[in-house]
There are 2 protein chains.
Amino acid sequence: MGRQATEMLKGTLEGIVLAILSTRAAYGYEITAWLREQGFSDIAEGTIYALLVRIEQRGLVDVAKVPSEKGPPRKVYSLNAQGREYLEEFWKTWAFLTERLEQLRQGGDQA
Amino acid sequence: MGRQATEMLKGTLEGIVLAILSTRAAYGYEITAWLREQGFSDIAEGTIYALLVRIEQRGLVDVAKVPSEKGPPRKVYSLNAQGREYLEEFWKTWAFLTERLEQLRQGGDQA
DNA sequence: CGGTGTATTCGGTGTTGCTAAGTACCGGTA
DNA sequence: TACCGGTACTTAGCAACACCGAATACACCG
């Protein structure tokens, strides 16, 4: 989607992944595929894996190694209590941002 | 506002400033003060100036040096045609992101 | 045995916002 | 005069994040 999207994803992508994991446990490959389906056409594979490693190191998710029928074992991530708290904060920050931008958009349309 | 906000601002702050400039010309100090009023409490002064330099170098804004009664001359920025185009793209990307996240938020609330 | 699809890892790059310090100009005050 | 606070901009170095490209590993199929 271009340069703007790349920069806007910073910080947001983390929230997106946490939000996905709040509905169900998932592994990297699966998440990447799902995001592509949702229109995040050019999210790099490596980006998701790196992100997953980060949130694991911060203790926001639990990990389970599950054998796959069709490849190497999967690392299945699930959101834990701390992750849920963090996700709450994310939504608050997101709400603040969207409010400000909604105001700006309306103001800009008038001018 | 913390780490999350910092990361989420990346890419978004640029759009915010362009949106401000689409309503009226402004200079750095003024923009910083306005943002603080709007609740962006800890946006660093240097951040805005650096951003303004970037968008100027990309040719999105025009600059005029205007003497001030109370200090060194102001650099007043105004959005030009290219900047307006770029801002349009920004809004599109932003709309895409908000759509996805709105869906995720609803899904997450159910689970 | 080589190729395709699944699944993860790693090193290096560019962009961005933050920190912190410095420069410059002006008015008021001691 | 000398100093301080408010205005206004600049700069150098840092940390975090998404991207790119390549590599690794496993399973099945022709």
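What's counted below: heavy atoms across the whole structure, side chains too, no hydrogens, waters or symmetry copies. Per chain, numbering begins at 1; letters A, B, ... match sequence-line order.
Side-chain atoms of B:Lys75 and base atoms of D:dA8 include no donor and acceptor less than 3.5 Å apart. Between the side chain of A:Lys70 and the base of C:dT6 there is no donor-acceptor pair of N/O atoms closer than 3.5 Å. A donor-acceptor contact under 3.5 Å links the side chain of A:Lys10 to the base of C:dT15.
When the nearest nucleotides of DNA chain C are assigned to B:Ala44 and B:Glu14 by heavy-atom distance, the more 5′-ward of the two goes with B:Glu14. Each of A:Pro72 and B:Pro73 was matched to the nucleotide of DNA chain D holding its nearest heavy atom; the match closer to the 5' end belongs to B:Pro73. Ranked by how close their nearest DNA chain C nucleotide is to the 5' end, A:Gly46 and A:Gly71 are led by A:Gly71.
The side chain of A:Arg3 lies closest to C:dT16 when the candidates are D:dA18, C:dT16, C:dC18. The side chain of B:Arg74 has D:dA8 as its nearest neighbour among D:dA8, D:dA18, D:dC17. Considering only side-chain atoms of A:Arg54, the nucleotide from D:dC17, C:dC18, C:dT15 that sits closest is D:dC17. The listed nucleotides are D:dT7, D:dC26, C:dT16; the one nearest the side chain of B:Ser68 is D:dT7.
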Under the criterion side chain to side chain contact (heavy atoms under 4.5 Å, CB included), I'd like the reasoning laid out for B:Val63 against B:Leu52: C-alpha separation, chi angles, the key distance, then a yes or no.
CA-CA 10 Å; B:Val63 189; B:Leu52 289 170; over 6 Å; no

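Atom CG of B:Leu13 is separated from atom P of C:dT15 by 17 Å (rounded to the nearest Å). Taking atom CG of A:Leu9 as the reference point, atom C1' of D:dC19 lies 11 Å away to the nearest angstrom. C:dT16 atom P lies 11 Å from atom CG of B:Leu18, rounded to whole Å. As rounded to whole Å, 12 Å separates atom P of D:dA18 from atom CZ of A:Phe40. As a whole-Å value, the separation of A:Glu69 CD from D:dC28 P is 9 Å. For the pair B:Met8 CE and C:dC18 P, the interatomic distance rounds to 13 Å; values are reported in whole Å. Atoms NZ (B:Lys65) and C1' (D:dA8) sit 11 Å apart, rounded to a whole Å. Going from atom CD1 of B:Ile16 over to atom C1' of C:dT16 covers 14 Å, rounded to whole Å.
Neither side chain, B:Tyr77 nor B:Glu30, offers a donor N or O lying under 3.5 Å from an acceptor on the other.
Residue B:Tyr27 has no polar side-chain atom (N or O) positioned under 4.0 Å from OP1 or OP2 of D:dC9. Here A:Tyr49 reaches the OP1 or OP2 of C:dT8: one of its side-chain N or O atoms lies under 4.0 Å away.
Ring centers of A:Phe40 and B:Phe96: under 6.0 Å apart, within the cut-off.
A salt bridge between A:Arg3 and B:Glu14 is present, with a side-chain N of the basic residue lying under 4.0 Å from a carboxylate O of the acidic one. Between A:Arg36 and A:Glu45 there is a salt bridge, since a side-chain N of the basic residue sits under 4.0 Å from a carboxylate O of the acidic one.
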